[in-house]
Protein chains: 2
Amino acid sequence: MQPHNLRKVGLKVTLPRLRVLEVLGESEEKHLTADDVYRALIDSGEDIGLATVYRVLNQFEAAGLVVKHNFEGGQAFYELDGGEHHDHMICVETGKVIEFVSPDIERLQSEIADKHGFQLEDHSLVMYVRPKK
Amino acid sequence: MQPHNLRKVGLKVTLPRLRVLEVLGESEEKHLTADDVYRALIDSGEDIGLATVYRVLNQFEAAGLVVKHNFEGGQAFYELDGGEHHDHMICVETGKVIEFVSPDIERLQSEIADKHGFQLEDHSLVMYVRPKK
DNA sequence: GCGAGTTTGAAGATGATTTGCATATTGTCA
DNA sequence: TGACAATATGCAAATCATCTTCAAACTCGC
């Protein structure tokens, strides 16, 4: 992720912002809480404040660099915006998050919105699943 | 909503519980926050505590009497469980919540979960829409 | 009506997220 | 490249939604 990306969205290039982007981009798990990001940085020796992480994540969301998910459980999860929309499947046993795309479902959604006199602006689909026996 | 319903799910019939059920059942808007319920009761002269509202709503959810939705925005919304599952469409301009059912989407979801080796346990689909111009 | 066991209201505790503010950084321009 | 205005940061304190604690007030079966 180049500084360029930050400039492009009108944000000054600062160390905290670069670090947060790095963590989001290099983490194994793509869906992180603000605290996950904070700890990753503290653990790697950075001197950053939790408040800054929140502020930066919010700015990134507003800028469209990351997507914020409000799954259940009180805390928000942030994910680097890969450009293409996708939905999530969460295993209720392991907590694992799986991403998927379904053009069919997307199409049906637009049709339904349309039928009600609306146009689809955005959507959030989360499936809670359990491993098949 | 008869006291009977409360007994059936193993809850003692108490005034606060009856009142909360009433508010949920008689409100124009079907999706209420704990605070909405609390205020409705306070405004109508009841002497109830916010903590009790939260407690009661949680018990109702556990008992299957109400469904809890985690839309965006930090606060949870509660809705009387009408028995049949449905999804939501929220107008980003007016905040209005519209319910709908789509067997097609439900079926696709099961298929997708299945394809990934899981079985669908539950799901949450929220569409953010805007009135057609 | 009584009493064991449950429920309630009020206040304080939590956990997540935000804000206020003095200090530190960034980007710009000379 | 050095000075500056604008912006960002870290810390601590403030918010917000929600939960827990605990003494006092109910409910229900007897």
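Letters go in sequence order (proteins before strands), and every chain restarts at 1. Note: hydrogens, waters and symmetry copies are ignored here, and every other heavy atom, side chains too, is used.
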(request) Describe the nucleic acid contact of Asp35(A) in one word from base, sugar-phosphate, nothing, applying a heavy-atom distance below 4.0 Å. (result) nothing
(request) Consider the side chain of Arg17(B), meaning its heavy atoms from C-beta on, and name the nucleotide among dC19(D), dT7(C), dG27(C) that approaches it most closely. (result) dT7(C)
(message) Nearest to the side chain of Asp47(A), heavy atoms from C-beta on, is which of dT8(C), dC11(D), dT18(D)?
(response) dC11(D)
(message) Side chain of Ala51(B), heavy atoms from C-beta onward: which of dA10(C), dT9(D), dT17(C) has the nearest atom to it?
(response) dA10(C)
(request) Mind calculating the distance between CZ (Phe71(A)) and C1' (dA16(C)) to the nearest angstrom? (result) 17 Å
(message) Between C1' on dT14(C) and CD on Gln75(A), what's the gap in Å once rounded to a whole number?
(response) 13 Å
(message) If I take atom CZ in residue Arg39(B) and atom P in nucleotide dA17(D), what distance separates them, rounded to the nearest angstrom?
(response) 9 Å
(request) Evaluate whether atom CZ of Arg130(A) has more than 12 neighbouring non-hydrogen atoms of other residues, nucleotides or ligands under 6.0 angstrom away. (result) yes
(request) Between Gly49(A) and Phe77(B), name the one whose nearest nucleotide on DNA chain D is closer to the 5' end. (result) Gly49(A)
(request) Indicate whether OP1 or OP2 belonging to dT6(C) is found under 4.0 Å from a side-chain N or O atom of Thr14(B). (result) no
(message) Pick the closest DNA chain C nucleotide for Arg55(A) and for Ala34(A) by heavy atoms, then say which residue is nearer the 5' end.
(response) Ala34(A)
(request) Could you work out which one of dG9(C), dT9(D), dT6(C) sits closest to the side chain of Val56(A)? (result) dT9(D)
(message) If I compare all heavy atoms of His85(B) with all of Val101(B), which pair ends up nearest, and what's the gap?
(response) O-CG2, 3.9 Å
(request) Measure from the side-chain heavy atoms of Asn58(B) and tell me the nearest of dC19(D), dG9(C), dT18(D). (result) dC19(D)
(request) Compare the minimum distances between each of dT17(C), dA8(D), dA11(C) and the side chain of Tyr54(A), then state the nucleotide with the smallest one. (result) dT17(C)
(request) Name the closest nucleotide to the Thr52(B) side chain, picking from dT8(C), dT19(C), dC28(D). (result) dT8(C)
(message) Just by distance, no angles: are the side chains of Arg55(B) and Thr52(B) close enough, under 3.5 Å, to form a donor-acceptor pair?
(response) yes
(message) Using 0.5 Å steps for rounding, measure from the CZ atom of Phe71(B) to the OG atom of Ser124(A).
(response) 10.0 Å
